[in-house]
Colleague: 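Below you'll find the structure I mean.
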Amino acid sequence: MAVMADHGAVIERIRASAEEVRRTVDAVAPGKHGVSPREGEWSVLETLVHLRNVVVMVYGLRIRRLWYETDPVFADYDESMHRQATMDRQPRADQLVAMIVTEHEQLAGLLRELPDDRWNRVGRHPELGEMSIEFLARRVAEHAEEHARQIRNTAVEVREQARRRARAVAEEFRSRGDATGWFERVYATAHGDAGAVPWAALRPDRNLLEWVSRERLIGTGQKALVVGCGAGDDAEELARLGFEVVAFDIAPTAIDWCRRRFPGSPVRYAVADVLAPPGTWPGAFDFVLEAFTIQVLTGELRGRAIQSIARFVRPGGMLLVLARGREPDEDPGSLPWPLTRDELSLFERAGLRAVRFEDYLDRSGDSPVRRFRVTYQRAIQGT
């Protein structure tokens, strides 16, 4: 059945708006879903609960009633009660998104079968007045678009609040001459709330996953080391690939968090300092992952950390470095401070060979971020 071009556009907008919600939520780290930017404001999760409830129990239900009934009267909807009742059941963001997308797809399919002359069928709300199928269909898309924007804004504010807090703690410790003690303070005062730790995404890093998939990385029979493992997700991903993994962090609270998050994990989590690592680690690992740790160090600590990390790689082994990138004449801004190619060249001076240097814009978040992803290898003696 052919539909009017304008109605076809409404149907397509319904589908597209649901995909916009999916993409927007996918860019938000799971650890930030339940964090409110300010007291009384909705978290990403609460926004999704509202969006799912309204599209299913208000717009979707009313459109279906108008399909079959003549002049129905629409009951009022207690949005806040249903939202709180859903939140009390501790829903998951991915499940909510799946239901939102499914409902949008079902409504789009239903509307595609609706003759054009029936789009003006009307029902009545006791307080809000008349509502047609066309009005409700347009609201389905508009409502999803509005809340996709809200989710983006919420995620940005939550992340920036965590960064401001971490920067303040880091500055406090540096002013006392302690350049690394602030990591433990950030974790300890977060009390297990990933929203208070800016880098705690609670999922493997996307830049790592993309590289792993492209390189078809298999770790069976090999040992891997994760530098500054944080909440442990990258380490768990390497273990899933078959590596025997050691993952360390300078913050004891972070390591305790990893062990509680992944009980029974094969990963050996350890408290250690990259600037003074255990004596058994140099030359002990086939694969080393350094993801975004060097960039939060300053001055001569960067060079010391690079030298130490390079020594972990055994002959024939590989190192993957992930970092923000910048040009030498660019303002480094505030923590985290992007690295330059010259700084990363210290890995080569430490005996590694750069196999591949990727300089690209990571567009997975709300704004593009310049990344360096560099693969290094230590030569086997005599080759």
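FYI, side chains are in, hydrogens and waters are out, and symmetry mates aren't considered; it's all heavy atoms of this structure. Residue numbers count from 1 along this sequence.
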Colleague: For Arg149, is there an ion pair with Glu145 - N to carboxylate O distance below 4.0 angstrom?
Modeller: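 Looking at Glu145 and Arg149, the cut-off is not met.
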
Colleague: Quick one: does Thr70's side chain get under 4.5 Å of Arg121's, heavy atoms only?
Modeller: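 Yes, at least one pair of side-chain atoms sits under 4.5 Å.
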
Colleague: Honestly, is Arg341 close enough over Phe357, meaning NZ or CZ under 6.0 Å from the six-membered ring centre and within 45° of the axis?
Modeller: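 Yes, cation above the ring, under 6.0 Å and within 45°.
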
Colleague: Contact between Trp211 and Leu322 at the side-chain level, heavy atoms closer than 4.5 Å - yes or no?
Modeller: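 Result no, sub-4.5 Å side-chain heavy-atom pair not found.
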
Colleague: If only atom types and distance count, is the side chain of Thr102 paired as donor or acceptor with the main-chain N or O of Ala98 below 3.5 Å?
Modeller: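 Answer holds: yes.
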
Colleague: Please identify which of these residues, Arg349, Arg324, Arg302, meets the salt bridge (charged side-chain N to carboxylate O under 4.0 Å, His left out) condition with Glu343.
Modeller: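 Filter result, single survivor: Arg302.
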
Colleague: Looking at Asp71 and Arg124, does any basic side-chain N land under 4.0 Å from a carboxylate oxygen?
Modeller: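 No salt bridge links Asp71 with Arg124.
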
Colleague: Between Arg139 and Glu142, does any side-chain N to carboxylate O distance fall below 4.0 Å?
Modeller: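 A salt bridge is present here (some side-chain N lies under 4.0 Å from a carboxylate O).
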
Colleague: Ignoring hydrogens and angles, tell me if any N or O in the side chain of Arg118 forms a donor-acceptor pair with the backbone of Trp67 under 3.5 Å.
Modeller: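 It does hold such a pair.
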
Colleague: Under the 3.5 angstrom rule, does the side chain of Asp233 hit a backbone N or O of Ala201 as a donor-acceptor pair?
Modeller: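 Here the side-chain-to-backbone pair does not exist.
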
Colleague: Can you tell whether the side chains of Glu103 and Arg64 come within less than 4.0 Å, N to carboxylate O?
Modeller: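 Between Arg64 and Glu103 there is a salt bridge, with a charged N closer than 4.0 Å to a carboxylate O.
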
Colleague: How long is the span from the CD atom in Glu300 to the CZ atom in Arg304, to the nearest 0.5 Å?
Modeller: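 The distance works out to 5.0 Å.
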
Colleague: Any donor and acceptor pair, going by atom type alone, linking the side chain of Lys32 with main-chain N or O of Ala200 inside 3.5 Å?
Modeller: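 Side chain of Lys32 to backbone of Ala200: a pair is present.
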
Colleague: Quick check against the 3.5 Å criterion: does Arg259 have a side-chain atom that pairs as donor or acceptor with the backbone of Tyr269?
Modeller: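 Checked: pair present.
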
Colleague: Charged N to carboxylate O below 4.0 Å: is that the case for Asp256 and Arg260?
Modeller: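 Salt bridge flag = yes for Arg260 with Asp256.
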
Colleague: With hydrophobic residues grouped by side-chain heavy-atom distances under 4.5 Å, do Val245 and Phe248 end up in a single group?
Modeller: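 Not linked; separate clusters.
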
Colleague: Give a yes or no on whether the backbone of Thr253 and the side-chain of Glu184 come within a donor-acceptor separation of less than 3.5 Å.
Modeller: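 Looks like yes, one N/O pair under 3.5 Å.
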
Colleague: If the plane angle is over 60° it's perpendicular, under 30° parallel, otherwise tilted; pick one for Trp199 and Trp182.
Modeller: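 Geometry flag for Trp182 against Trp199: perpendicular rings.
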
Colleague: Looking at CD1 of Ile250 and OG1 of Thr293, how far apart are the two atoms once the value is rounded to the nearest 0.5 Å?
Modeller: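 Output value for this atom pair is 10.5 Å.
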
Colleague: For the side-chain contact (heavy atoms from CB on, under 4.5 Å) test, which of Val288, Leu289, Ile294 pairs with Val227?
Modeller: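 Only one option passes, and that is Val288.
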
Colleague: Report the C-alpha distance between Asp78 and Ser80 in whole Å, list the side-chain angles of each, state the deciding distance to 0.1 Å, and finish with yes or no for side-chain hydrogen bond (donor to acceptor under 3.5 Å, both in side chains).
Modeller: CA-CA 6 Å; Asp78 191 334; Ser80 61; 3.2 Å; yes

Colleague: Are His104 and His143 an aromatic pair, judged by ring center distance below 6.0 Å?
Modeller: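 Ring centres of His104 and His143 not closer than 6.0 Å.
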
Colleague: Show your working on side-chain contact (heavy atoms from CB on, under 4.5 Å) between Thr154 and Trp42 and close with a plain yes or no.
Modeller: CA-CA 8 Å; Thr154 297; Trp42 289 357; over 6 Å; no

Colleague: Could you give me the CA-CA distance, side-chain angles and deciding distance for Ser265 and Glu236, then say whether side-chain hydrogen bond (donor to acceptor under 3.5 Å, both in side chains) is met?
Modeller: CA-CA 8 Å; Ser265 169; Glu236 295 296 321; 2.6 Å; yes

Colleague: Mind checking whether Arg356 and Glu215 have side chains closer than 4.5 Å, heavy atoms only?
Modeller: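 Heavy-atom side-chain distance check passes, below 4.5 Å.
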
Colleague: Can we say Arg176 and Asp178 salt-bridge, meaning some charged N sits less than 4.0 Å from an Asp/Glu carboxylate O?
Modeller: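 No salt bridge links Arg176 with Asp178.
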
Colleague: Begin with the C-alpha distance, continue with both residues' side-chain angles, and end with the deciding distance and a verdict on side-chain hydrogen bond (donor to acceptor under 3.5 Å, both in side chains) for Gln150 and Glu146.
Modeller: CA-CA 6 Å; Gln150 181 182 353; Glu146 291 166 6; over 6 Å; no

